[in-house]
K.L.:
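Handing you this structure, nothing more for now.
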Amino acid sequence: MSGSLLDAGAVIGCPHGGRATPATTPSGGARIAGAAIATAAHTYVVTGCPHTLDGVPSPCVAVRWTADTTGVTVDGASVLLDTSAAQCFSAALVPQGPPVVQAAQRKVTVR
């Protein structure tokens, strides 16, 4: 598995243009260029999603990540890569598509 590490400064959006940010700032000891590395232990909230279904607002409100089982961890939690599986959800927990990662840190290859 390979991909780029996500950190607290990664630009992540929902598939409809909303912005996903960590609900709490990752504060682990491992950092890249001063920013904490994001892990599966961090939750992400989405703001500004304009998605509607049949004219009824149904915005994305959260991103749930499925951590890769690469064995690479920070503070006991799997690191998140731009290739990690994830899904955006509405408040009713309806899946609404994968998030879009626009900026990530250095590339890593795990064998």
K.L.:
So Phe89 and Pro95, do their side chains get closer than 4.5 Å, heavy atoms only?
P.N.:
yes
K.L.:
List the residues meeting side chain to side chain contact (heavy atoms under 4.5 Å, CB included) with Ala62, not counting sequence neighbours, and say none if there are none.
P.N.:
none
K.L.:
For Thr21, enumerate each residue passing the side chain to side chain contact (heavy atoms under 4.5 Å, CB included) test, keeping only those at least two apart in sequence or located in another chain.
P.N.:
Arg19, Val45
K.L.:
Measuring from atom CG of Leu5 to atom CG of Leu80, what distance do you get when rounded to the nearest 0.5 angstrom?
P.N.:
9.0 Å
K.L.:
Can you name the residues that form a side chain to side chain contact (heavy atoms under 4.5 Å, CB included) with Pro57, not counting sequence neighbours?
P.N.:
Pro59
K.L.:
Please list, chain by chain and in numerical order, all residues satisfying side chain to side chain contact (heavy atoms under 4.5 Å, CB included) with Ala91, sequence neighbours excluded.
P.N.:
Val61
K.L.:
Can you name the nearest heavy-atom pair linking Trp65 to Leu81, along with the distance?
P.N.:
CZ3-O, 4.3 Å
K.L.:
Could you state the interatomic distance from CD (Gln96) to SG (Cys88), rounded to the nearest 0.5 Å?
P.N.:
8.0 Å
K.L.:
Applying side-chain contact (heavy atoms from CB on, under 4.5 Å), run through Asp75 and Thr39 and close with a yes or a no.
P.N.:
CA-CA 9 Å; Asp75 295 333; Thr39 70; over 6 Å; no
K.L.:
Identify the heavy atoms of Pro15 and Cys60 that sit nearest to each other, and give their distance.
P.N.:
CD-SG, 4.4 Å
K.L.:
What heavy-atom pair brings Val100 and Cys14 nearest, and what distance separates the two atoms?
P.N.:
CG2-O, 4.3 Å
K.L.:
Quick check against the 3.5 Å criterion: does Asp82 have a side-chain atom that pairs as donor or acceptor with the backbone of Val101?
P.N.:
no
K.L.:
Can you give me the closest heavy-atom contact between Ala38 and Tyr44, atom names plus distance?
P.N.:
CB-OH, 3.3 Å
K.L.:
Specify the closest pair of heavy atoms between Thr73 and Val79, including all atoms of both residues, with the distance to one decimal.
P.N.:
C-CG1, 4.2 Å
K.L.:
Evaluate Leu93 against Arg64 for side-chain contact (heavy atoms from CB on, under 4.5 Å), listing each step before the verdict.
P.N.:
CA-CA 10 Å; Leu93 300 179; Arg64 291 190 182 170; 3.4 Å; yes
K.L.:
With side chain to side chain donor-acceptor pair (under 3.5 Å) as the rule and sequence neighbours excluded, what pairs involving residues 86-95 come up?
P.N.:
none
